[in-house]
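Here's the structure, in structure tokens; my notes come after.
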Protein chains: 2
Amino acid sequence: MMELTRKGEYAIRGIVYLASRPMDQVCLLSDIAAAVEVPPTFLAKIFQQFSKIGLVKSYRGTGGGFIIGRDPEKITLLEVVEAVEGPIVPNRCAIREGECPRDASCTIHPVWLNVQKQVRSILKKVTLRDLAANTTSLPT
Amino acid sequence: MMELTRKGEYAIRGIVYLASRPMDQVCLLSDIAAAVEVPPTFLAKIFQQFSKIGLVKSYRGTGGGFIIGRDPEKITLLEVVEAVEGPIVPNRCAIREGECPRDASCTIHPVWLNVQKQVRSILKKVTLRDLAANTTSLPT
DNA sequence: ATCTTAGAAGATATAAAAAGTCTTTTAGGG
DNA sequence: CCCTAAAAGACTTTTTATATCTTCTAAGAT
């Protein structure tokens, strides 16, 4: 239960890699994909999404590629995960009030809300800077 | 992300219903399914699993059916969820040590372990008795 | 004993989501 | 205008979720 998808995993690897690079150095998608061992076409899709919401910046044409969208310290793991996996919702009934017809009587509802809150809270405290900190195993 | 499947939802509804009934009253699967609005064949599969690990007790033949396996106060939501959805694992790499080849350098690893721990802790504190407490909306 | 009831077990079917690829288009340099 | 690299969207494949159906077994009723 609660497993991150490949997409989520790849997304994190990719953006953490970007976060570990100097902001003035534009990275080729193909290079990033190779470095973090992700299918390039798949990572392309993910980075397109990220680009739209400003998590990364993209440049086309010769000398193009990607850089991180803003200071890695200002990007949380929560943001990255929710961008790619959608909101963290342990159960349909926790999406919004009134979703579940059994709502009023539903004794589990508050439990799921609590789970949601805790998980979000944990992921929110982790920044890309934290994650990129000792990425010494990846090529410089 | 992290969404419970239908199976998990149905399982909880079904067993909470059972937990709300007197232990000496054997319930027909078809009645339970109708009461909690779950496809009977699907619930059958779920209860078969539960029966194997003692979460419910089953009786065949005339007058047969299901009762709760033990005191609802001794059954946690965690147990029920993991029985039906498998272990709570936010990421492959958190399943066991050494799973992930990037392990040593992986800065996210501890984050997932923390998520796992917190979620399990929340679900462990909730018992079927808690959940069955005010199931007043369900037919007596 | 055999018939009916009700769950057990396993096979099968359908549908949805995840994972990945391919093609065409657009933007930016040389 | 040609090359490079990302954007966008269609498409394919694989896997998982969701469910149903059939046959088998246990237990009580006749």
Side-chain angles (χ1 to χ4, degrees), chain A residues 1-15 18 25-69 81 83-87 89 91-92, chain B residues 1-15 18 25-34 36-69 81 83-87 89-92:
Chain A
M1 188 208 177
M2 307 206 340
E3 227 168 297
L4 203 67
T5 63
R6 292 277 168 84
K7 193 178 173 193
E9 224 179 291
Y10 294 167
I12 295 171
R13 281 201 227 157
I15 202 168
L18 262 198
Q25 189 184 336
V26 176
C27 299
L28 275 178
L29 180 73
S30 54
D31 289 347
I32 305 168
V36 299
E37 295 170 277
V38 165
T41 55
F42 204 167
L43 191 62
K45 286 292 162 198
I46 296 167
F47 272 27
Q48 273 172 37
Q49 276 187 263
F50 281 173
S51 176
K52 279 182 194 163
I53 57 175
L55 283 181
V56 305
K57 274 182 201 151
S58 71
Y59 301 94
R60 297 190 184 187
T62 311
F66 295 89
I67 59 168
I68 195 79
V81 168
V84 83
E85 302 267 16
V89 178
N91 191 314
R92 255 167 289 287
Chain B
M1 189 209 178
M2 310 208 336
E3 226 167 300
L4 204 66
T5 64
R6 292 279 165 85
K7 193 177 173 193
E9 223 179 292
Y10 294 167
I12 294 171
R13 280 201 228 158
I15 202 168
L18 262 198
Q25 189 184 335
V26 175
C27 299
L28 274 178
L29 180 73
S30 54
D31 289 348
I32 306 168
V36 299
E37 295 169 277
V38 165
T41 55
F42 204 167
L43 191 62
K45 286 290 162 200
I46 295 167
F47 272 26
Q48 274 172 36
Q49 276 187 264
F50 281 173
S51 176
K52 279 183 193 163
I53 57 175
L55 282 181
V56 305
K57 274 182 200 151
S58 72
Y59 300 94
R60 298 190 185 188
T62 312
F66 295 88
I67 59 168
I68 195 80
V81 168
V84 83
E85 301 268 14
V89 178
N91 192 316
R92 257 168 289 286

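Throughout, protein chains are lettered first and strands after them, A, B, ... in sequence-line order, and every chain is numbered starting at 1.
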Open item on the list: If you assign each of Pro40(B) and Glu85(B) to its closest nucleotide in DNA chain D, which residue comes earlier from the 5' end?
Closed with: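 Its nearest nucleotide being more 5', the pick is Glu85(B).
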Between [atom2] of [N] and [atom1] of [X], the distance in whole Å:
X	N	atom1	atom2	result
Phe66(A)	dA27(C)	CZ	C1'	13 Å
Gln48(B)	dG10(C)	CD	P	9 Å
Leu29(A)	dG28(C)	CG	P	18 Å
Arg6(A)	dT21(C)	CZ	P	12 Å
Arg13(A)	dA19(C)	CZ	C1'	14 Å
Arg60(B)	dT4(C)	CZ	C1'	15 Å
Gln49(A)	dA19(C)	CD	C1'	13 Å
Phe42(B)	dT14(C)	CZ	C1'	13 Å

TODO: Walk along DNA chain D from 5' to 3' and tell me the first and last nucleotide with an atom closer than 4.0 Å to a non-hydrogen atom of chain A.
DONE: dT4(D) to dG9(D)
Could you check whether any side-chain heavy atom of [X] comes within less than 4.5 Å of a side-chain heavy atom of [Y], counting everything from C-beta outward?
X	Y	answer
Val84(B)	Tyr10(B)	no
Leu4(A)	Ile12(A)	yes
Arg13(A)	Glu9(A)	yes

Regarding [X], tell me which of base, sugar-phosphate or nothing describes its non-hydrogen contacts under 4.0 Å with the strands shown.
X	result
Lys52(B)	sugar-phosphate
Ser51(A)	sugar-phosphate
Lys7(A)	sugar-phosphate

If you look at every heavy atom in [X] and [Y], which pair is closest and at what distance?
X	Y	result
Leu43(A)	Gly14(A)	CD1-CA, 4.4 Å
Pro40(A)	Ala33(A)	CA-CB, 3.7 Å
Ile15(B)	Ile68(B)	CG1-CD1, 3.6 Å

TODO: Determine: side-chain N/O of Thr5(A) to OP1/OP2 of dA19(C), distance under 4.0 Å, yes or no.
DONE: yes
Task: Name of the residue among Leu28(B), Val26(B), Leu29(B) meeting side chain to side chain contact (heavy atoms under 4.5 Å, CB included) with Phe66(B) - done: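 When side chain to side chain contact (heavy atoms under 4.5 Å, CB included) is applied between Phe66(B) and each of Leu28(B), Val26(B), Leu29(B), only Leu29(B) qualifies.
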- [ ] Could you check Ser58(B) against Gly61(A) and say which one's nearest nucleotide on DNA chain C is further toward the 5' end?
- [x]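 The residue whose closest nucleotide sits nearer the 5' end is Ser58(B).
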- [ ] Using heavy atoms to find the nearest nucleotide of DNA chain C for Tyr59(A) and Leu4(A) separately, return the residue whose nucleotide is more 5′.
- [x] Leu4(A)
Open item on the list: Given the structure, check if the side chain of Lys45(B) and the base of dG10(C) hold any donor-acceptor pair shorter than 3.5 Å.
Closed with: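 Result: at least one qualifying N/O pair found.
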TODO: Please determine, for the side chain of Thr62(A), which listed nucleotide (dA8(C), dG20(C), dG28(C)) has the closest atom?
DONE: dG28(C)
